[in-house]
Amino acid sequence: MHELPQQLVNGLLLGSMYGLIAIGYTMVYGIVQLINFAHGEIFMVGGFGALTVWLWLPGGTTMWVAIPLMIIGAVIVSTTVAVGAERFAYRPLRGAPRLAPLITAIGLSLALQQAVWAWYPNAKSSRTFPEIPGDSIHIGSVTIQPGDLFLVVAAPICMFALGWFVMKTRVGRGMQATAQDPDTAKLMGVNTDRVIVVAFALGAAFAGIAAVAYGFRYGEVNFRMGFLWGLKAFTAAVLGGIGNIYGAMIGGLVLGIAEAMATAYMNDIPGMDKLGGQSWADVWAFVLLIVVLLVRPQGLLGERVADRA
Amino acid sequence: MTALLEVEDLRVAYGKIEAVKGISFTVEAGQVVTLIGTNGAGKTTTLRTLSGLLKPVGGSIKFNGKTLRKYRADQIVSLGLAHSPEGRHIFPRMTIENNLRLGAYLRTDKTGIEKDIQRAYDLFPILGERRKQAAGTLSGGEQQMLAMGRALMSQPKLLMLDEPSMGLSPIMMQKIMATIAELKAGGTTILLVEQNAQAALSLADHGHVMEVGKIVLSGTGGDLLHDESVRKAYLGED
Ligand SMILES: Nc1ncnc2c1ncn2[C@@H]1O[C@H](COP(=O)(O)OP(=O)(O)OP(=O)(O)O)[C@@H](O)[C@H]1O
Ligand SMILES: [Mg+2]
C-alpha cells in the first residue's frame, strides 16, 4: 500500500491538478498584480459545466465522444465567468486601492458558491460525476485508476501548450511584455486590456480542465470544492513564485508530492503517529508553504521583487 | 503642406500640478526636431502624452492629419508614432531578438519583420552577436541601441527618442548620436529630447527650449547653438 513509487505517482497526480489551477492565479497576478480569490470558484463552476454537458448528452454516449464535449462545456463556463468577472468587477476597480479588488473577489466567490447551491438542480450536496470505464492500469508496482487517466493525458498537454503559447506566439510575447513593463508594452502596440482578458481566460480554461479531472478522479463535483482547492492551488502558485508560470507548475507538483508523502509516511515517524493520514494533509501543505516562504520569500522560481523594477 | 505632427497649446497635469503649460510646435516630415531643457522642464511628459500614455487636460495633437486624443497608446503606434522611452525600458528577461520582435508587434508581414531585424543588427552589430541573450545582460549603451532598434521595428513615420545619451560614456554617446544622424540621412523623421544640447542642436533642423512646462525659445538648430542665453544655460559657457 505505502510503496514509494505509488505515493510519488499519487503526489504527481494531485500536484498536476494543483498546478493546472495555480496557473490562473499566477498569470493574472503576473500581469495585473491582482490575487483573484474567486479563481477557486471559477474552477468549481467548470466542474458543473462539464456535468451539465454530460446530463444533456443522450444516455449511452461513449466516453470518447463525451469527454471532449465535457471539456468544452467546462472551459466555456469557466472562461465566461472569469472574463465576465474581469470586465464587470475587476476592470472598474483598476487603480483603486488593493483592498477593493480583494474584497470584490471574496464577494464574488461567495456569490458563485451560493448561486450554484441555490440554482443548480440537486447541488445542495455532491452531484455524481460520470466514470471513465475500464480497468486500472498497472505499471510495475504502480496502479493508476481509470478516473486518473484523463489527468495523466491532459496535464502535460496543457503545460506544454501554455509554454508554447507564452514563449512562441505573438500574443504570448505581448503577455510577457505586459507582465514586465505595462507602459512600455503599450508603446510596442500591445493592447494591454486585451492581454489581461486573455490571461483571465487562459487561467480559467485550465481551471475548467482541472475541474473535469477532479470530477473523474473523485467521482463527484460540489459547490464547495472551489474553496479548499483554490486555496491549495494558490499555495502552489506562491510556493513556485507567484507570477511565474513554470513556478506554478513546479509549485503544484512539489505541493502534491509533499502532501502524498505526509499522508503516507508521517505516521511512521516516532512521536508523529497522530499527525499523518488524510486529515492532516492540508495542514502539512500549509506548513510547507510557510517553511519555503521563510527560506525563500520569493518562492521557488520567483525573482526578488527588486529584480522586477 | 501640413506638418506631420502639430502640437497646439498642449497642457498636461499630474493631479492638480500642471507639468506642461500650453506648448505649441510642429514637426515636418523628414526633419529632426529637438526639445531641450533642464530637469523637470516637462520634456518626458510631452512625449508620453504624444504617445498616449498620458491624457492631456487641454490643447490638441494632430499626427498625420488625425487627432490623437481619441486613440489609445497601442493604436497610436499603429498610426506610425514610435517612442523610445527615457531610461530605455527594454524588457530585461526577454532575449534581444524578442525585444526587437515586440517592436514589430502590430506588423503581420513576416518576411519584412525578419528583414528589419537584420537591419537592426546591421545598424548595431553587437545586438546581432548577442541576439539570443537576455536583454538585461546588455550594458547601458547597448540597451540604448536595443531601445532605438526596437522603436524602429514598427516602421514609424515619426520616431521619438527620450534622452538616448543619458548615462552613456562619451564614446558611446558619439556612437548613438552618429546613428541618429545616419537615420536622419536615411529620411527618418525624429523628435529628439536631450539634455546634451550641443549634440542635439548640431543635428536638429529645429529646436525648442523648454523651461518649467513652457517653450521659452525656438529656432533652427544653428540659431540656438549660437544663441547667447542657450550657450550660458545649456552649454556651460559664461
Ligand atoms: N508621475 C508623476 N507624478 C507627478 N509629477 C510628475 C510625474 N512625472 C513627472 N512629474 C513632474 O512633472 C514635471 C515634468 O517632468 P518631466 O519628467 O516631464 O521632465 P523632463 O523635462 O523630462 O525632465 P528630465 O530632463 O529630468 O527627464 C516635473 O516637475 C516632475 O516632477
Ligand atoms: Mg525626462
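Just so it is clear: chains get the letters A, B, ... in the order the sequence lines come, proteins before strands, and each one is counted from 1.
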If I take atom [atom1] from residue [X] and atom [atom2] from residue [Y], how far apart are they, to the nearest 0.5 angstrom?
X: B/T108; Y: A/R170; atom1: OG1; atom2: CZ; value: 8.5 Å
X: A/T184; Y: B/H83; atom1: OG1; atom2: NE2; value: 8.5 Å
X: A/M167; Y: B/M94; atom1: CE; atom2: CE; value: 8.5 Å
X: A/L187; Y: B/M160; atom1: CG; atom2: CE; value: 8.0 Å

Any chance [atom1] of [X] has more than 12 other-residue heavy atoms, nucleotides or ligands included, within less than 6.0 Å?
X: B/K175; atom1: NZ; answer: yes
X: A/R98; atom1: CZ; answer: no
X: B/E114; atom1: CD; answer: yes
X: B/K55; atom1: NZ; answer: yes
X: A/R194; atom1: CZ; answer: no
X: A/F160; atom1: CZ; answer: no

In plain terms, say whether A/D183 and B/R48 are close enough for a salt bridge, that is, a side-chain N and a carboxylate O under 4.0 Å apart.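 Here A/D183 pairs with B/R48 in a salt bridge, since their nearest N and O are under 4.0 Å apart.
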Any side-chain heavy-atom pair of A/V190 and B/D74 under 4.5 Å: no
What are the two closest heavy atoms between [X] and [Y], and how far apart are they?
X: B/F91; Y: A/M188; answer: CE1-CG, 4.0 Å
X: B/L102; Y: A/A177; answer: CD1-CB, 3.7 Å
X: B/L106; Y: A/G189; answer: CD2-O, 3.4 Å

Considering only heavy atoms and a distance below 4.5 Å, find which of B/V77, B/I90, B/L81 pairs most often with chain A. B/V77
Can A/R173 be said to sit on top of B/Y105's aromatic six-ring, NZ or CZ under 6.0 Å from centre and within 45° of the ring axis?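 Checked: cation-pi criterion not met.
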Toward chain A, the part of B/L53 with a non-hydrogen atom under 4.5 Å: side chain
